[in-house]
Each structure stands twice: as C-alpha cells, then as structure tokens.
Amino acid sequence: MKVRAIAIILGCFFWLFSQPALALTNIQLLDVSYKDCSPELAQGIVTSGGSSLPADCYIITGKAKNTSGKTVYDADVFGRINDANNEPILQNRSRVGSIPEVPPGVSEFELRISVPSDQPTPLKLKQFKASGFTTKVNPIF
C-alpha cells in the first residue's frame, strides 16, 4: 500500500512539473530557387577529409508557409540539390540548413550554401520542406 501511494505521489509530481512535449511543426516551402552570393559572402572553401577545395557560394531563396498559427523556431530545411549532371551537391545528407524563426503565414527565407567549383550549374532544387518547433529549443550541454 505504501509503495502504491508513493508511486501515485511521484507520478503526480512528474506530471505537474514536467516540460511540455515538443512536437515538430511542418512548414511548406514555396518558390524555391537560388542566386549567386554577393562578393562579401562568396569567399569560402569546401572542406572534405582535411583538404580544401575551391567553392562557389549560392543563396537558396523561397517562401515559407506556416499554417500552425504560431511562430515556429529552429526550422530545419531539407531538400535535394543536384548539379547539371544530376550529381548530388551534398553527399549523403538532405539537411540544407535552418531558418531561425518562421512567423505564421507566408514569409521569405534565405540560406547560404557552398558548392564545389567543379560541379556544373544550373543547380536543381528538389523536394524542399522544413520542420521546426513552436517553442524555442534550449540545448542541454
């Protein structure tokens, strides 16, 4: 009987003082395209396996449609980017970047990417989508 009472008290305590579950909120991405970076942003390198390669800088632009009615934070952007020969730009990953804050409704976004200079353009952007949280996510270190 004492064990059951303690279990009920602990259960109520954790239920009352637990953090709300963070659920992902999907964001539709529209009119996704890209443009060259400005000269200030264009300088950079792509590093792979400890070696440096020349890189071209591009800005991915588009519109984010948030229908949740709440601001979405830390929205990870996923998509496929291929070069003119249909070779993938980002090997073995589809996360392109993140949007810090997406207000309700339709808003514009920009992401900077670096592409190895030897990959031919035009780039092909496919299957872009995003998802984030309706509360700010605090990392635990």
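We use all heavy atoms of the structure for the numbers below, so side chains are in, but hydrogens, waters and symmetry mates are not.
Between Pro103 and Thr71, the shortest heavy-atom distance links the atoms CA-OG1, 4.1 Å. Taking each heavy atom of Ala75 and Val102 in turn, the nearest pair found is CB-CG2, 4.2 Å. Shown here for Ala55 and Ser114, the closest heavy-atom pair between the two residues is CB-CB, 4.3 Å.
Screening residues 96-110 for salt bridge (charged side-chain N to carboxylate O under 4.0 Å, His left out) gives Lys35-Glu110 as the qualifying pairs, with residues at least two apart or on separate chains.
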Next on the checklist: Does Thr25 form a side chain to side chain contact (heavy atoms under 4.5 Å, CB included) with Tyr73? I'd like the steps, not just the answer.
Outcome noted: CA-CA 9 Å; Thr25 301; Tyr73 301 94; over 6 Å; no
Next on the checklist: As a quick check of understanding, evaluate side chain to side chain contact (heavy atoms under 4.5 Å, CB included) for Phe109 and Ile27, giving each step before the final call.
Outcome noted: CA-CA 12 Å; Phe109 73 91; Ile27 303 293; over 6 Å; no
Checklist entry - For Ile89 and Gln119, what are the C-alpha separation, side-chain angles and deciding distance, and is it a side chain to side chain contact (heavy atoms under 4.5 Å, CB included)? => result CA-CA 8 Å; Ile89 297 293; Gln119 291 198 267; 3.6 Å; yes
Checklist entry - Could you go step by step and tell me if Ser98 and Asp74 meet the side chain to side chain contact (heavy atoms under 4.5 Å, CB included) rule? => result CA-CA 6 Å; Ser98 68; Asp74 303 316; over 6 Å; no
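Applying the side-chain contact (heavy atoms from CB on, under 4.5 Å) criterion to Lys124, with sequence neighbours excluded, gives Asn82, Asn86, Lys126. Take Asp83 and apply the salt bridge (charged side-chain N to carboxylate O under 4.0 Å, His left out) test, not counting sequence neighbours, and it matches no residue.
Separating the CD1 atom in Ile99 from the CG atom in Leu29 is a distance of 5.5 Å, to the nearest 0.5 Å. For the atom pair CZ (Arg95) and CG (Asp76), the distance works out to 4.5 Å, reported to the nearest 0.5 Å. To the nearest 0.5 Å, the span separating CG on Asp31 from OG1 on Thr61 amounts to 8.5 Å. Between atom CG of residue Asn26 and atom OG of residue Ser131 there is a gap of 6.0 Å, rounded to the nearest 0.5 Å.
Judged by distance alone, the side chain of Asn66 and the main-chain N or O of Ser68 form a donor-acceptor pair under 3.5 Å. In terms of modelled atom types and a separation under 3.5 Å, the side chain of Tyr34 and the main chain of Leu123 share a donor-acceptor contact.
A continuous path of ILVMFWY side-chain contacts below 4.5 Å connects Leu111 to Leu90, so both sit in one hydrophobic cluster.
Put simply, the side chain of Arg80 does not reach to within 4.5 Å of the side chain of Pro88, judged on heavy atoms. Considering only heavy atoms from C-beta on, Phe128 comes within 4.5 Å of Ile81 through its side chain.
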